[in-house]
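Values below: all heavy atoms of this structure, side chains included; hydrogens, waters and symmetry mates excluded. Numbers here simply count residues along the sequence, with the first being 1.
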Amino acid sequence: MDMAPSLERLKLRYPKLFGPKASAMDRKLLIFGNGLGMALDHTHFSLDRALAEIWNRPNFLTDVQRQLVERCLGRQGAPIGEHELDTLHQAITYCKALSHIGEGNVHWLTQDGLSFPEVTATYLHKVATELHNYENELPKGFEDGLVDFIKTTRSHVATLNYDKLLYNSFIDNDVFNGYRGYLVDGMLDQGFSSDALERKYGNKFGYYLHLHGSPLFVNYNEDVVKLYRHQLTVDRDVPSEHIVLTHIKRKPSVIAASNVLSTYWDYLQFALFESKEIILFGYSGLDTHLNVLLRPYLTSKSLRVVEWSGAGEQGTRERFWQNTLGQAVSVTRLDNITEFADW
C-alpha cells in the first residue's frame, strides 16, 4: 500500500473535500499513541500481558492450535511482542494461499491448517478486546480540557491504539452524535460508509480516525459495523479483519486489506492538509508508515510531540524526532502526559 500518495491524487479521489472552505477553521490534528493508556495503567496496556492472558484463557485455543502457533514461533508459550506476531502474519498468508490450491475436498493443508488464519485472527481480536476494555476513565481535568478544545475547534483526532479511553469520553460528552457530532468516524447504524465522512448540509465536523482499527469493528454480511460498547467482550469469537496488530513492516498490508482502515488513512492526509498544527501524543515514533506520511507536511505545518519523560533526555529525544521526521520538532516531556493542557 502506498502510505503517502500525492496530494493531487488525493484531490482526484475525494474532490469534494478540497473546496474553498476546507481550511476555514483553525483545526489541529491530534494523533494519540499507546502512551495515553500506559500513563494510566502500564500493566493493563502491556501487549505481552494481553497476549498471555488470551493465550491462557480457558476453553479458547485447543492444544493443537497452540502447538501450531508454537511451531511458527520455534518455542513454547504465548507470542511476545509485535515481532513474533509478524511470524504469525506470514504463516496466515501462506495458509491462505495454500488453501486455494486444489479442487473440491483436496487441499495441501490439514483441517487445522485451513482454520489457522481464522483462529489466529480471533486470537488477535480477543487480545485487542482485552486491551480495549479498560474500566477506568481519563483524569477529569485532562478530559474536560480536551473535550472543550475539540468542541471549540472541531480538531481532528487519530488513534493508533485500541483502548476506549477517548472513545468513551467523546460519547459521554456528546462529541460523537452521529452525522451531527463534532467528530465523525464514518460508522452509522447501517455500517461503515466513506460517504458518511463527507461534509454535507453545512456540517463542519472533524474526523475521528481509527488508524489501526478497533475491536468494535466486525463484518456483518457485506458490511463493516461497529458494535455497541456493551457488546464487546472477550467471549465473542470474532476473526476481525480491521485490527492492525502485527510487526511494523506488515502494518501497511493489513491496512490495505481493509476498506475501512485504508479510507481512514486517506482521510488522514486530508486532515494533515487541513490542520494548522499536528500534535503527536504518547506516540513512540516507531510506525514508519505514519512517519513517511507526516514528513511532506512538516515543511508547512508546525508539529509538537508530547511524551513520557522516561523515554529519554531532552536532547536525545529531540535528535530522535529530528532523525525520524527529517526536521527539528518541539518535544514536551512530562512525568505523566495526562497533565498536558496546552492544546
Side-chain angles (χ1 to χ4, degrees), residues 23-41 44-45 131-188 196-197 199 202-217 226-230 232 264 267-268 270-272 274-283 301-308 330 332 334-343:
S23 299
M25 302 183 70
D26 285 336
R27 303 178 194 268
K28 297 183 182 182
L29 169 61
L30 317 181
I31 302 178
F32 288 88
N34 296 328
L36 178 61
M38 296 291 275
L40 300 178
D41 191 330
H44 176 86
F45 290 104
L131 293 169
H132 181 275
N133 284 340
Y134 180 61
E135 296 305 320
N136 294 325
E137 301 175 344
L138 292 170
K140 186 64 174 171
F142 177 84
E143 178 184 46
D144 289 346
L146 177 59
V147 167
D148 288 346
F149 174 75
I150 296 297
K151 288 185 174 181
T152 301
T153 65
R154 289 175 169 81
S155 288
H156 306 295
V157 172
T159 60
L160 298 165
N161 48 21
Y162 314 104
D163 64 67
K164 61 183 181 180
L165 289 165
L166 292 174
Y167 184 69
N168 271 6
S169 175
F170 289 166
I171 290 177
D172 295 341
N173 288 284
D174 298 319
V175 173
F176 287 138
N177 184 20
Y179 191 71
R180 297 189 260 319
Y182 295 92
L183 297 177
V184 302
D185 66 358
M187 286 285 187
L188 300 178
L197 289 166
R199 294 179 186 137
N203 279 302
K204 299 178 181 179
F205 50 69
Y207 296 117
Y208 188 95
L209 306 173
H210 310 260
L211 297 181
H212 284 172
S214 169
L216 291 167
F217 298 167
K226 182 164 60 177
L227 298 173
Y228 291 105
R229 288 175 288 175
H230 71 272
L232 184 64
Y264 284 148
Y267 269 80
L268 176 64
F270 174 68
L272 285 163
E274 190 179 52
S275 300
K276 70 172 187 178
E277 184 180 38
I278 305 159
I279 300 178
L280 301 179
F281 192 93
Y283 166 54
K301 312 282 182 179
S302 63
L303 183 143
R304 286 186 287 158
V305 172
V306 181
E307 64 179 17
W308 177 47
S330 171
T332 299
L334 298 170
D335 292 341
N336 187 332
I337 60 174
T338 63
E339 295 174 357
F340 182 79
D342 185 22
W343 299 108

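Put simply, the side chain of P139 reaches to within 4.5 Å of the side chain of L40, judged on heavy atoms. Using a 4.5 Å heavy-atom cutoff, the side chains of L268 and L29 are in contact.
Taking the six-membered ring for Trp and thresholds of 30 and 60 degrees, Y267 and Y207 have ring planes more than 60 degrees apart, a perpendicular arrangement. The aromatic rings of Y264 and F217 sit tilted, their planes meeting at an angle between 30° and 60°. Aromatic ring pairs are classed by plane angle as parallel below 30°, tilted from 30° to 60° and perpendicular above 60°; the pair Y179 and F205 is perpendicular.
With hydrogens and angles disregarded, a donor-acceptor distance shorter than 3.5 Å links the side chain of K301 to the backbone of L272. The backbone N or O of H210 lies less than 3.5 Å from no partner atom in the side chain of D185, so there is not a single donor-acceptor pair. Side chain of H44 to main chain of L131: a donor-acceptor pair is present (N/O by atom type, distance under 3.5 Å, no hydrogens or angles).
Here the closest non-hydrogen pair linking S155 and L183 is O-CD2, 3.1 Å.
Going from atom CH2 of W343 over to atom CG of D148 covers 12.5 Å, rounded to the nearest 0.5 Å. Atom CG of L160 and atom CG of N34 lie 7.5 Å apart (nearest 0.5 Å). Rounded to the nearest 0.5 Å, atoms OG (S275) and CZ (R27) are 8.0 Å apart. We find the CZ-CG distance between F45 and L165 to be 4.5 Å, quoted to the nearest 0.5 Å. Remark: L146 CG to N173 CG distance equals 9.5 Å, nearest 0.5 Å. Here the CD atom belonging to E137 is positioned 9.5 Å from the NZ atom belonging to K164, to the nearest 0.5 angstrom.
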Trace of the side-chain contact (heavy atoms from CB on, under 4.5 Å) decision for R229 with I171: CA-CA 10 Å; R229 288 175 288 175; I171 290 177; 3.4 Å; yes
Verdict with reasoning, H212 to T159, per side-chain contact (heavy atoms from CB on, under 4.5 Å): CA-CA 7 Å; H212 284 172; T159 60; over 6 Å; no
Trace of the side-chain contact (heavy atoms from CB on, under 4.5 Å) decision for D174 with V147: CA-CA 9 Å; D174 298 319; V147 167; over 6 Å; no
Stepwise side-chain contact (heavy atoms from CB on, under 4.5 Å) test for H132 and L216: CA-CA 9 Å; H132 181 275; L216 291 167; 3.8 Å; yes
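Among Y208, F340, Y167, F281, the single residue meeting the ring pair (Phe, Tyr, Trp, His ring centres under 6.0 Å) criterion with F32 is F281.
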